[in-house]
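First the structure, in the form of structure tokens, and then the observations on it.
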Amino acid sequence: MFAGRMLVRLSRNRACLATMGSWSKPQARASQVILPSTPPTTTDAIQCKGSNANRRFFSSQIETESTLDGATYERVCSDTLDALCDYFEELTENAAELQGSDVAYSDGVLTVNLGRQHGTYVINRQTPNKQIWLSSPTSGPKRYDFVGTVAAGRWIYKHSGQSLHELLQQEIPGILKSESVNFLRLPYCS
């Protein structure tokens with residue numbers, strides 16, 4: 001069924017086929033439909049010129065799946081959010097430049113208000129999807145899946161491969177300039 005939908009999409013934009021590199025023959029005309037010699041994998045992204053520039057047909061760049069059962073997900077997620085809450089509280093208590101900051105954690109939702117100038121981070125569990133969702137005032141919304149084992153796993157944004165802790169490590173030091181920030185020492189960031 002997926003292959004059928006993909007072929008319909010490809011046949012609608014025949015001009016796109018000539019720009020797909022190894023997926024088509026270089027001498028192909030726009031009126032020809034050339035099927036790929038090998039089926040695409042989820043790590044491939046097809047890009048076309050014209051109105052669909054930089055459009056990705058395959059959303060996932062990482063081919064790993066979470067194998068956590070419900071109880072393990074709840075424990076790993078709670079440990080992650082508890083550690084993040086404690087660390088954000090420590091950071092905001094010691095940050096003199098953050099006026100009006102507040103950290104609140106309740107019912108699986110961690111809200112970190114860093115004041116008017118910097119905005120609010122919201123990090124919450126999404127139990128049905130076994131994900132953690134982040135809303136960042138800097139980089140926007142992201143959905144993180146747990147990848148790896150409980151002993152050596154981390155929360156990964158599958159579109160970029162960046163972990164939740166790496167993103168926070170990238171964004172928060174710019175806000176807390178007088179603090180030493182290290183999110184990479186927290187649980188589930190290995």
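The model shown is predicted, which means the values in this text are computed figures rather than measured ones.
Side chain of Ser78 to main chain of Arg75: no donor-acceptor pair is present (N/O by atom type, distance under 3.5 Å, no hydrogens or angles). With hydrogens and angles ignored, the 3.5 Å screen pairs no side-chain donor or acceptor of Tyr73 with any backbone N or O of Phe146. For Glu166 (side chain) and Ser163 (main-chain N/O), a donor-acceptor pair under 3.5 Å exists by modelled atom type. A distance-only check finds no donor-acceptor pair linking the side chain of Lys130 to the backbone of Asp145 [under 3.5 Å]. In terms of modelled atom types and a separation under 3.5 Å, the side chain of Asn129 and the main chain of Gln131 share no donor-acceptor contact.
If you run side chain to side chain donor-acceptor pair (under 3.5 Å) between Thr80 and each of Trp155, Tyr188, Tyr144, only Trp155 comes through. Checking each of Leu84, Thr111, Leu168 against Tyr121 for a side chain to side chain contact (heavy atoms under 4.5 Å, CB included) leaves exactly one that passes, namely Leu168.
Taking Asn94 as the reference, Glu90, Glu179 meet the side-chain contact (heavy atoms from CB on, under 4.5 Å) condition, with sequence neighbours excluded.
The CG atom of Leu98 lies 12.0 Å from the CD atom of Glu93; values are rounded to the nearest 0.5 Å. The OG atom of Ser101 sits 11.0 Å away from the CD1 atom of Ile175 when rounded to the nearest 0.5 Å. With values rounded to the nearest 0.5 angstrom, Gln99 atom CD is found 12.5 Å from Arg116 atom CZ.
Grouping the Ile, Leu, Val, Met, Phe, Trp and Tyr side chains by contacts below 4.5 angstrom, directly or via other members, places Leu91 with Leu81. Residues Tyr105 and Ile123 are members of one and the same hydrophobic cluster, defined by side-chain heavy-atom contacts under 4.5 angstrom among Ile, Leu, Val, Met, Phe, Trp and Tyr. Follow the hydrophobic side-chain contacts under 4.5 Å out from Val122 and you never reach Leu164; the two are in separate clusters.
Residue Pro187 comes nearest to Ala83 through the heavy atom pair CD-CB, 3.5 Å, listed as atom of the first residue, atom of the second, then distance. Of all heavy-atom pairs between Gly161 and Arg154, the closest is O-NH2, 4.3 Å. Closest approach of Asp69 to Thr72, counting heavy atoms only: OD1-N, 2.8 Å.
At least one side-chain heavy atom of Leu114 sits less than 4.5 Å from a side-chain heavy atom of Ile172. Tyr87 is listed as a side-chain neighbour of Arg185, based on a closest heavy-atom distance under 4.5 Å. For the pair Asn124 and Ile132, the minimum side-chain heavy-atom distance is 4.5 Å or more. Counting only heavy atoms from C-beta outward, the side chains of Val76 and Asp79 never approach each other to under 4.5 Å. Side-chain contact between Leu186 and His165 is present, with at least one heavy-atom pair separated by less than 4.5 Å. Side-chain contact between Ser136 and Glu171 is present, with heavy atoms from C-beta onward closer than 4.5 Å. Taking the side chain as every heavy atom from C-beta outward, Thr120 and Asn113 approach each other to under 4.5 Å.
Residue-environment remark: CD (Gln117) stays at or below the threshold of 12 foreign heavy atoms within 6.0 Å.
Aromatic pair Phe88/Phe183: centroids less than 6.0 angstrom apart.
A donor-acceptor contact under 3.5 angstrom links the side chains of Gln162 and Gln170, judged on distance only.
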